[in-house]
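Residue numbers begin at 1 in each chain, while the letters A, B, ... track the order of the sequences.
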Amino acid sequence: MSGLKPPVGAHDHAKGSDTASVTLVEYGDYECPHCAVVHPIVKAVQRHFGHRLRFVFRNFPLTQVHPHADHAAEAAEAADPAGKYWDMHDAIFEHQTAITDRDLARYGEQVGLEPGVIEDALTAQTYAARVRADFMSGVRSGVNGTPMFFINGEQYQGGYDAASLIAGIEETAARG
Amino acid sequence: MPAKKSPRPATKSGGSRRSSAPSAARAASAPRVTDDSPRLLPAGMKAPAFTLRSTPDQSVSLSDFLGRPVILAFYPADWSPTCGDQLALYNEVLPEFQRFNAELIGISVDGAWCHAAYAKARNFHFPLLADFEPKGAVAKAYGAYTPTAGMSGRALFVLDAKGTIRWSYLSPMGVNPGADGILAALEGLAGETQAARRPTAADAPARGPERTARPARPAAQTSRREAR
């Protein structure tokens, strides 16, 4: 069984308390339809556990299959310095069928970024290396497609519905 | 298809998996692997030579790649969902394989015209070879063929620069084996080579913008759609 490499750390985007007993990591692709389907499910799981759960998202764009996935991931990263990473993350998944560079720039302004922030980051490829590093960490962790989840560092093997994910998380939490 | 249960090829352990009795858990998760499941050639053996069509009018020989590590990815069929995920993943990891100077080759029993359409549709940047006539002959030579299915099993081999099998792994038919086992095997090879170029995992974050690192397109396949 492959474990998560590297473990969750300061470089990650984490939502929830650092002292949460369980950390759920998703490797996802903003243009992957299955990831869009699972997006509200992850939100439901987060609501279910509240402060007991920390959620981390890592990029795993299959850029040769999904031509907009890489820029979408870079755009979400570009929103982070302004504290808008998760707003951008949500906006992209909620509008998955419209994520051209122009769309991404529009979502950036909608979540409160200064005009030009997204365009400049995409042009300069400011976050390309970061996104690729996420991708390679997934490859090293045994990710073979998206979405893929890790619960406290272990690859989750169950279904992608909320009940299954909740059960998987509770099982891990019970093991301590 | 979303990613699913995939036992990891943990180390470059050679083909020892082939001789281990399937556990109850593995049998349950891979019902199609029966006693006609492939018996892969193990690490240490010379890789059988072959020449196969890569396009309707071009052939590729294993000997073309002597001097470099070679990754042979036998897979059951073009267009099937798991294969697509697996090959799409390898397509994406290609720059990493190339850092080890390794060549990736996909092989299935599909014909060259089918491969051409598949590679074009999926934007693949590595050759797909047609193990088509006699059907599955190369897969059989590597112990990767599954007679009841009439297709190759999902088998991976990493060959060293001299053409010796250094790692092999058989994944259940429906399971995408990922790329971590291949990378671990390539790292093992790189670690023991005195090659001037010795990539390590630590190199990865320091690389330049990814778009400049994209693989060159094979000359034979110039009509792909642009990915971007």
_What part of A/F60 gets within 4.5 angstrom of chain B, counting heavy atoms only: side chain, backbone, both, or neither?_
side chain

Throw together a table of side-chain donor-acceptor distances under 3.5 angstrom for residues 6-17 of chain A, partners on residues two or more places apart or in other chains.
unit_1	atom_1	unit_2	atom_2	d
A/D12	OD1	A/R58	NE	2.8
A/D12	OD2	A/G9	N	3.0
A/D12	OD2	A/R58	NH2	2.9
A/H13	NE2	A/E77	OE1	2.7
A/H13	NE2	A/E77	OE2	3.1
A/H13	NE2	A/R130	NH2	3.4
A/S17	OG	A/T19	N	2.9
A/S17	OG	A/T19	OG1	2.6

Check residues 104-122 of chain A and write down every donor-acceptor pair under 3.5 Å in which the side-chain atom is one partner and the other belongs to a residue at least two apart or another chain.
unit_1	atom_1	unit_2	atom_2	d
A/R106	NH2	A/D103	OD1	2.8
A/Y107	OH	A/A98	O	2.8
A/E119	OE1	A/G116	N	3.4

*Looking at the rings of A/F57 and A/Y85, which for Trp means the six-membered one, are their centres under 6.0 Å apart?*
no

*Does the pair A/R140/B/D180 count as a salt bridge with the N-to-O cut at 4.0 Å?*
no

*chain B contact via A/Y156 - side chain, backbone, both or neither, heavy atoms under 4.5 Å*: neither

*Select one option (side chain, backbone, both, neither) describing which atoms of A/P61 are under 4.5 Å from chain B's heavy atoms.*
backbone

